[in-house]
Amino acid sequence: THINRFPHISKKCIIIIMRCKLNIISSLLLIGFAYLSESVVADSVYSKSHQKAIRDWVREGFNDKVLDLISSLSNDYENDALDLITKTDIWKKTIFHTAAENRNADFINKIVESHLLSKPEISNILSQKDYRGRTALHLSAQTGCIDCMRNILENINNSQKILKTTDNFGKNVLHFAAETGQFQVVRFLSKVFERKILDVNSEVEDSNGKTALIIAAENGHLEFVNAIIAFSDVDIQIKDLKTGETALMKAIKIGHLPIVQTLIRRDPSCLYQKDANGKNVLHFAVISGQSGILEVLINSIEFQDLKLKQKLARNTKKQWSPVLNEMILAQDVTDGSNLLHLASKFGHQNICQDLIKYPRLLYQLDNSGQSVIHTAVSKNNPSNSNKNLGKYVCLDLILNQHTKILYKGGFDGVITDLINVKDKSGFPAVSRAIEYGDFNILMRLLKSDQMNIKTTVNIDINKNKQIGKKLNLLHYAVYQ
């Protein structure tokens with residue numbers, strides 16, 4: 001009866017019977033044993049080949065082919081037909097996972113309408129996770145397939161529970177949508193669920209301590225940021241648990257001005273947050289070289305200072321002090337760098353031009369006792385000529401500003417010879433320039449109107465011949 005399905009069994013058995021001249025009883029036993037042993041393997045191969053074909057058809061959207069095959073099998077091989085729907089692949093993905101990640105909402109709908117499975121069975125399959133802990137709803141959100149999400153939520157027993165479900169990395173539906181910027185997912189969920197449910201899910205942190213808003217901000221997905229702010233009461237000041245960075249800091253790092261402006265408008269107090277190392281939003285703008293964003297941040301903080309001043313003017317008991325000056329002068333907790341240290345270190349000449357307007361930054365020392373001139377003199381990167389050129393410009397700007405302050409009688413009435421300030425290792429900036437063999441920086445320092453610097457240069461060269469060889473001594477002799 002199964003000769004059409006297993007022709008190889010019949011052929012092998014007939015050959016053995018003819019060669020061995022077996023009797024009827026032995027022949028029947030042989031055929032029975034062969035069928036029982038090989039049919040199991042054949043069933044497995046048969047089922048797997050159809051599973052692969054069905055998944056390929058689901059990916060390509062050939063849903064009618066899938067249903068035709070399942071219907072034809074269900075007549076004679078009902079278990080095989082159900083296995084094609086319920087069994088998972090090597091990645092533990094169900095057929096609904098495949099449909100969701102390929103935006104095939106029609107397949108989910110047709111399986112439900114075919115009544116091959118009961119509603120509890122469909123709900124159970126839709127709730128299954130793959131090897132990474134992702135459900136079909138997670139993949140639907142990641143691809144932005146709203147119809148898939150609608151079909152899944154309509155055919156699952158507890159839709160609120162599946163919405164809160166997280167994968168192995170602690171990511172829920174909103175995290176997956178945020179990664180790819182699927183803002184329409186937020187709008188859809190806001191129509192299906194109450195606002196408070198969306199509020200709770202929007203503040204869930206994954207295993208890296210990131211909310212959906214932080215993920216969207218660091219990937220530059222403006223429309224998602226706008227959507228989640230509009231349809232939920234998400235806390236903008238929530239920090240990344242590992243780095244202590246907020247969504248605003250993430251947006252500053254990638255230079256996304258519209259997201260920065262959106263977050264400030266929603267909650268201006270996010271301007272005053274600090275990360276785990278004590279860096280504020282101004283530090284992030286300087287490090288990433290975002291001069292335009294730095295200007296927006298300074299103006300926004302100034303505006304908030306003015307509002308606070310007007311508010312406190314009605315109450316004479318409280319004294320007003322500007323927050324902007326405090327934030328500009330703030331130093332990194334780890335190494336004590338201020339904004340001008342960072343600008344000169346990374347060669348951000350436009351930012352350096354803006355920051356030298358604040359003279360107190362010139363005279364702040366970091367935790368190693370180094371001035372901003374030490375930082376500008378730091379060793380160049382041979383592979384980054386633009387950065388090196390920017391450092392030269394920053395040094396020129398700092399030296400010129402320092403000279404102007406000296407001519408005016410010093411800063412706050414105190415004359416500080418900034419060029420000859422020694423760090424905690426006992427080295428002035430010129431010694432570092434000689435050590436790194438940077439003739440361009442050395443000439444800039446020598447041309448400044450300082451008296452002690454030439455003596456320092458001669459001492460350093462005489463004390464260490466190897467360092468002296470790094471200099472272009474001919475040019476130095478000509479200058480002398």
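Quantities reported herein were computed from a predicted structural model and do not represent experimental measurements.
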Identify the heavy atoms of A136 and F96 that sit nearest to each other, and give their distance.
-> CB-O, 3.9 Å
Going through the distances and angles, do L365 and Q370 end up as a side-chain contact (heavy atoms from CB on, under 4.5 Å)?
-> CA-CA 5 Å; L365 304 179; Q370 295 190 344; over 6 Å; no
Any chance CZ of F303 has more than 12 other-residue heavy atoms, nucleotides or ligands included, within less than 6.0 Å?
-> no
Kindly compute the distance separating CD1 (I356) from CD1 (I398), expressed to the nearest 0.5 Å.
-> 8.0 Å
Closest heavy-atom pair, I351 versus Q290, reported as atoms and distance to 0.1 Å, is CD1-N, 3.9 Å
For H374 and H341, indicate whether the former's side chain and the latter's backbone hold a donor-acceptor pair under 3.5 Å.
-> no
Decide side-chain contact (heavy atoms from CB on, under 4.5 Å) for F284 and L342; before the verdict, give the C-alpha distance in whole Å, the side-chain angles of both, and the deciding distance to 0.1 Å.
-> CA-CA 10 Å; F284 282 91; L342 296 171; over 6 Å; no
State, with a plain yes or no, whether a side-chain heavy atom of I162 is found less than 4.5 Å away from one of T135.
-> yes
Would you check if the side chain of R103 reaches a backbone N or O of G144 as a donor-acceptor pair within less than 3.5 Å?
-> yes
Do D147 and N109 touch side chain to side chain, with heavy atoms closer than 4.5 Å?
-> no
Determine yes or no for a side-chain-to-main-chain donor-acceptor pair under 3.5 angstrom, with D206 supplying the side chain and F169 the backbone.
-> no
Does the side chain of L189 come within less than 4.5 Å of L163's, by heavy atoms?
-> yes
Hits for side-chain hydrogen bond (donor to acceptor under 3.5 Å, both in side chains) against N277, two or more places apart or cross-chain, chain-then-number order -> none
To the nearest 0.5 Å, tell me how far L126 CG sits from E121 CD.
-> 12.0 Å
Hey, are R134 and D130 close enough for a salt bridge, meaning a charged N less than 4.0 Å from a carboxylate O?
-> yes
Are the side chain of S123 and the backbone N or O of N157 linked by a donor-acceptor pair below 3.5 Å?
-> yes
No-hydrogen, no-angle side-chain donor-acceptor test under 3.5 Å, N338 and Q364 | yes
Salt bridge check: are K171 and E179 linked by an N-O gap of less than 4.0 Å?
-> yes
Side chains of L271 and L297: closer than 4.5 Å at any heavy-atom pair?
-> yes
So, are R59 and E101 salt-bridged, with charged N and O less than 4.0 Å apart?
-> no
Under the side chain to side chain donor-acceptor pair (under 3.5 Å) criterion, do T98 and R55 qualify, and how do the steps go?
-> CA-CA 7 Å; T98 306; R55 289 181 185 273; 2.9 Å; yes
Side-chain heavy atoms of T180 within contact of F224, under 4.5 Å | no
Passes side-chain contact (heavy atoms from CB on, under 4.5 Å), Y407 versus T403? Steps please.
-> CA-CA 6 Å; Y407 283 149; T403 302; 3.4 Å; yes
Tell me, do R266 and T262 make a side-chain contact under 4.5 Å, heavy atoms counted?
-> no
Kindly assign one of parallel, tilted or perpendicular to the pair W91 and Y131, based on the angle between their ring planes and the thresholds 30° and 60°.
-> tilted
From E154 atom CD to M149 atom CE, the distance as rounded to the nearest 0.5 Å = 12.0 Å
Quick check: does any side chain N or O of D275 sit under 3.5 Å from a backbone N or O of G244, one acting as donor and the other as acceptor?
-> no
Salt-bridged, K196 to D233, with N to O below 4.0 Å?
-> no
Heavy-atom count around R195 CZ within 6.0 Å, excluding the residue itself: above 12?
-> yes
Short question: side chain of N299, backbone of E295 - any donor-acceptor pair under 3.5 Å?
-> yes
How far apart are the closest heavy atoms of M249 and Q273, and which atoms are they?
-> CE-O, 3.3 Å
CD on E245 to CD1 on I252, rounded to 0.5 Å = 10.0 Å
With sequence neighbours excluded, residues passing side-chain contact (heavy atoms from CB on, under 4.5 Å) with K110 | N63, D64, L67, D106
Could you grab the distance from atom CG of D305 to atom OG of S300, nearest 0.5 Å is fine?
-> 11.0 Å
Given the rule in the side-chain contact (heavy atoms from CB on, under 4.5 Å) test, do D167 and K129 qualify, once you have shown the distances and angles that lead to the verdict?
-> CA-CA 8 Å; D167 70 350; K129 296 182 176 183; over 6 Å; no
Under 3.5 Å donor-acceptor, H97 side chain and L137 backbone | no
Would you check if I125 and Q128 make a side-chain contact, meaning some heavy-atom pair closer than 4.5 Å?
-> yes
Please confirm whether the backbone N or O of K279 pairs with a side-chain atom of D332, one donor and one acceptor, at under 3.5 Å?
-> no
Indicate yes or no for a side-chain donor-acceptor contact from N208 to the backbone of K210 under 3.5 Å, with no hydrogens or angles considered.
-> no
Considering non-hydrogen atoms only, spot the tightest contact between C352 and C394 and give its length.
-> CB-SG, 3.6 Å
Judged by atom type as modelled, is there a donor-acceptor pair below 3.5 Å linking the side chain of E326 to the main-chain atoms of V323?
-> no
Quick one: pull up CE in M327 and OH in Y272 and give me the separation to the nearest 0.5 Å.
-> 7.5 Å
Minimal non-hydrogen separation, N172 against N201, with atom names | ND2-O, 3.0 Å
Sub-4.5 Å side-chain heavy-atom contact between I152 and S140 = yes
Closest non-hydrogen contact found for L361 with I328 is CD2-O, 3.4 Å
